[in-house]
Each structure stands twice: as structure tokens, then as C-alpha cells.
Amino acid sequence: MITTRKYFALNSHLPFVSDDVPSASLVGNINEADKLIMRYEKEILQQTLGYSLYKAFMAQFDYASTNNIHTIKDSADQKWKDLLNGKEYTKNGVTVVWQGVIFEDEDVDRSFITNYVYCKWLSVKHNKHLGVGLSKPEAKGATRVGPTYNYVEAYNDFVDMVVGKYCNGYSDEIGTGVRSLYEFLNDMNTLDATTYPNWLPKTFSKVNVFSI
């Protein structure tokens with residue numbers, strides 16, 4: 001795993017996840033959480049990078065079977081470290097930034113992978129959220145509610161981080177200067193097509209409460 005349980009916070013919070021648990025091999029929901037991360041992290045990286053680029057990217061990591069954690073190799077080329085951890089660069093005379101596949105935002109560990117895993121979990125497990133379903137406080141206890149708004153918020157944040165303003169090979173609109181994954185990859189390949197070769201991304205679009 002590139003991401004771990006500590007990445008699940010804010011709008012991608014899984015109630016059963018705790019990074020304080022000493023071993024991912026423990027039974028129960030903690031083990032289930034790691035299985036979800038491993039399965040859907042691989043899935044979304046293949047979908048956003050394409051299989052060939054995904055394989056090249058993952059070859060840059062050392063893998064620890066004891067905790068299923070992937071760590072970028074010291075010997076990895078800088079372009080792979082930039083993809084993972086982010087890069088500040090100049091586009092059209094303006095300083096812009098790709099925050100990274102994983103990054104820290106105000107002391108919160110974040111990743112588009114986390115949002116994707118959370119949305120997948122909501123789709124399958126929403127009726128078991130918090131053990132009794134999603135809930136909202138009422139005067140006399142709590143009432144179960146659907147996961148729609150949580151899903152929409154997390155998924156659209158995922159689309160912002162992955163796609164941004166990128167469309168059909170075009171990504172010149174700078175906006176706030178924070179580049180999405182697709183904008184970053186396109187920017188780098190525009191400068192040198194051999195930087196991230198065989199990039200074959202899947203298209204993702206935002207959703208609303210009426211479209212899911």
C-alpha cells in the first residue's frame with residue numbers, strides 16, 4: 001500500500017479505521033480496511049495511469065510484506081518521486097504545483113486514492129456504516145440516513161485531484177495553480193513525451209445527488 005489507515009480522515013473517514021492498531025494482521029474490521037485499501041488502491045492507480053505506466057511506477061517501490069507497505073526507493077528517478085510526492089514548477093510563466101499522489105495538507109495526510117477507496121466502501125458497506133448505518137443526531141438518539149451526500153463530496157473531491165480542468169489532452173487553464181494528476185502528467189509529457197510514456201487514463205466526471 002502507498003496509502004495507509006492514517007490517510008482516512010475528514011470526508012474520507014472510515015469509522016472502523018485506527019492507525020494506532022499495532023498490526024494489520026489483526027482480525028475484524030481493521031483487517032478489512034487494509035484489504036479494501038490494497039484492492040482499490042491498485043485499481044485506481046491502474047485506471048488513472050494505465051497498466052503500463054502503473055507497472056513502471058510500482059517498480060520504483062520497495063515492498064514490506066510484514067505490513068504491506070510500499071516505500072519509494074532512494075534510487076528511483078526524480079520523476080517518480082515527483083509523481084508520488086508532488087512538484088512545484090512553472091507553467092506559462094506562473095508557478096504552479098502538483099501536490100502528489102500522497103501529500104500533507106494542514107497536518108492531514110491526503111490522497112485521491114483515499115477518496116476512491118472510501119467511495120467504493122460506501123457503495124458496498126453504506127448500510128453498515130458505524131455498525132448501524134450513517135446517522136445524524138436527533139433529540140432522542142439517531143436516525144439512519146443514506147450515504148449519498150458523503151459519497152458525492154468525497155467523489156467530487158477525488159475528481160478535482162485527478163482530473164481538474166484536463167480535457168482531451170488540453171490542460172493549459174491554470175486556475176488556482178494547483179494542478180491535478182492529469183494536468184501534471186500532461187504538462188510533463190508536453191515538455192518531454194518520454195517522461196511518463198504509455199499514459200492511458202480513464203475519464204472521470206463529477207456526480208451530484210441525482211446522478212448516483
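If you read the sequence from its start, that first residue is 1, and numbering goes on from there.
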Specify the closest pair of heavy atoms between [X] and [Y], including all atoms of both residues, with the distance to one decimal.
X	Y	value
Leu83	Leu181	CD1-CD1, 3.7 Å
Val163	Glu183	O-CG, 4.0 Å
Asp34	Arg5	OD2-NH1, 2.8 Å
Thr195	Met188	OG1-O, 3.6 Å
Ile72	Phe61	N-CD2, 3.4 Å
Tyr118	Ala154	CD2-CB, 3.6 Å

Next item on the list: Classify the angle between the aromatic ring planes of Phe158 and Phe204 as parallel (below 30°), tilted (30 to 60°) or perpendicular (above 60°).
Entry: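 The arrangement is perpendicular - the two ring planes meet at more than 60°.
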Working to the nearest 0.5 angstrom, can you tell me the gap between [X] [atom1] and [Y] [atom2]?
X	Y	atom1	atom2	result
Ile174	Asn92	CD1	CG	4.5 Å
Asp109	Phe8	CG	CZ	11.5 Å
Gln99	Arg110	CD	CZ	7.0 Å
Thr4	Ile37	OG1	CD1	6.5 Å
Ile2	Ile102	CD1	CD1	7.0 Å
Thr71	Leu84	OG1	CG	9.5 Å

Please say yes or no: joined through hydrophobic side-chain contacts below 4.5 Å, possibly via intermediate residues, are [X] and [Y] part of one cluster?
X	Y	result
Phe112	Val178	no
Ile44	Met38	yes
Leu200	Leu53	no
Leu191	Phe184	yes
Ile113	Tyr63	no

I'd like to know if the side chain of [X] and the backbone of [Y] have a donor-acceptor N/O pair within less than 3.5 Å.
X	Y	value
Asn115	Tyr155	no
Glu88	Thr95	no
Asn189	Pro197	no

Next item on the list: Answer yes or no: is there an ion pair linking Lys87 with Asp187, defined by an N-O contact shorter than 4.0 Å?
Entry: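 Salt bridge between Lys87 and Asp187, a charged N being under 4.0 Å from a carboxylate O: no.
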Item checked: Lys/Arg-Asp/Glu bridge criterion (N-O < 4.0 Å) met for Lys120, Glu43 ->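 Looking at Lys120 and Glu43, the cut-off is met.
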Margin query: For Arg179, run the side-chain contact (heavy atoms from CB on, under 4.5 Å) check against Val96, Val97, Asn186, Leu185 and tell me which one passes.
Written below: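 Answer after filtering Val96, Val97, Asn186, Leu185: Val96.
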Do other residues, nucleotides or ligands put more than 12 heavy atoms under 6.0 Å from the [atom1] atom of [X]?
X	atom1	answer
Lys73	NZ	yes
Tyr51	OH	no
Lys79	NZ	yes
Lys42	NZ	no
Asp74	CG	no

Next item on the list: Please report the C-alpha distance between Met161 and Asp157 in whole Å, then the side-chain angles of each, then the deciding distance to 0.1 Å, and finally whether the side chain to side chain contact (heavy atoms under 4.5 Å, CB included) criterion is met.
Entry: CA-CA 6 Å; Met161 287 188 281; Asp157 188 35; 3.7 Å; yes
Notebook entry, point to check: Sequence neighbours excluded, which residues qualify as side chain to side chain donor-acceptor pair (under 3.5 Å) partners of Thr3?
Noted result: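 Glu41.
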For the rings on [X] and [Y], is their centre-to-centre separation under 6.0 Å?
X	Y	answer
Tyr54	Phe57	no
Tyr182	Trp199	yes
Tyr196	Trp98	no

Margin query: Less than 4.5 Å apart, side chain to side chain, heavy atoms only: is that true for Lys206 and Asp160?
Written below: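 When only atoms from C-beta onward are counted, Asp160 and Lys206 do touch, with a gap below 4.5 Å.
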